[in-house]
Amino acid sequence: MKKYSRVGLVVVFILVIIAVVGYNYIYQDHRDIASEKPAYTISAEELTQQFEADEAEATTLYLNNTIQLSGLLTSIDEKTLVLDNVVFLVLSENETTPNQTKLNTKITIKGRCIGYDNLLGEVKLDQAIIVD
Amino acid sequence: MKKTIFIFLCLSIFYQGFGQKYFTKTGTLNFEASVPAFEPVKAENKSTTAILDTNTGKIAVLALVKGFRFKNALMEEHFNENYMESDTYSKATFNGEINHFSLDNLSYKKEFSVTGDLTIHGKTKQIEAVITLKKDGDNFLLETQFSTAPGDFNIDIPGVVKEKISDKINITGSFELVKR
């Protein structure tokens, strides 16, 4: 009797571990771009030029990667920014939008590349945070 | 002098004909393929580009697949890697035209039908959808709702999860278009 209950206890323990591991796998956290080290550091203009020159190659290189960009802030909207008229960024939810006085000043920003918009000729990044 | 005026007139007509474009970079596109009693399968893309040519009624929409955000991170990963293969097919696009387009009576939402090519997962299919259009000050508000099927775009849903993902995918879009 006592032996059985010990076996039962071990089985329950294993099941609990499986449940916890399974739960953590299914409900894992999203990537935290803010804490990731950038895979590439490049200027906004150069990034777009690379997409214009060879979209397929640039996509393989940059898509879904965290990129640190520098350039002039050419547009500031609610939660979105444009660098050098060629890179469009959606700010991370917790990030505050810079003041309009920052327009046409140099900025360094980090975000995840989600691809190239060939309708407008812009590279798009999301979850962006301002570095400097 | 007459010649210059003529050229000027021609140019302004040219501009009228091709310059009336309205666009957005922050259009919202939602899709939902939920099945009752299972975890909702839905995502939102808030950075969809849309362009409307108000002279011709032509519409172009482009959504970057990686821009679709899910509540569940694992679902987002599966969506990108297993179903949409977004590393290879990074875009979902629509190119079409509003049927019987006119700019009259747009102070209230007016329904139009749109025909065009929807490209998802590298496969193009001609679709017809209903949109509503409304003139809102200087802007246009374009909204749509239609449904499509994963099978139409060569997207295989494996048996294990088949009952958790609806084979009818509802897509809604909302675009506030400003003059370019």
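Every chain is numbered from 1 and lettered A, B, ... according to where its sequence line falls, protein lines coming before strand lines. These values consider heavy atoms only, across backbone and side chains, with no hydrogens, waters or symmetry-generated copies.
- Only the backbone of B:Lys71 comes within contact range of chain A, with at least one heavy atom under 4.5 Å from a heavy atom of that chain.
- Interface residue A:Arg112: only side-chain heavy atoms are found under 4.5 Å from chain B.
- In this structure, A:Pro38 and A:Ile67 approach most closely via the heavy-atom pair CB-C, 4.3 Å.
- For B:Val61, the part lying under 4.5 angstrom from a heavy atom of chain A is the backbone only.
- Using the six-membered ring where Trp is involved, A:Tyr62 and A:Tyr40 have ring planes that are perpendicular, over 60° apart on the 30 and 60° scheme.
- In this structure, chain A has heavy atoms under 4.5 Å from both the backbone and the side chain of B:Leu62.
- In this structure, chain A has a heavy atom under 4.5 Å from the backbone of B:Ser86, while its side chain stays farther away.
- A:Glu45 pairs by the salt bridge (charged side-chain N to carboxylate O under 4.0 Å, His left out) definition with nothing, not counting sequence neighbours.
- Minimum interatomic distance between A:Thr48 and A:Val87 (heavy atoms only, all atoms of both residues): OG1-CG2, 3.4 Å.
- The greatest number of non-hydrogen atom pairs below 4.5 Å with chain B, out of A:Glu78, A:Glu122, A:Lys79, is found for A:Glu122.
- Residue contact with chain B, scored on non-hydrogen atoms closer than 4.5 Å, is absent for A:Asp77.
- Between the side chain of A:Gln28 and the main chain of B:Ala73, no donor-acceptor pair closer than 3.5 Å is present.
- The candidate from B:Glu76, B:Met75, B:Glu77 with the greatest count of non-hydrogen atom pairs under 4.5 Å with chain A is B:Glu76.
- A distance of 10.5 Å separates CD in A:Glu93 from CG in A:Asp126, rounded to the nearest 0.5 Å.
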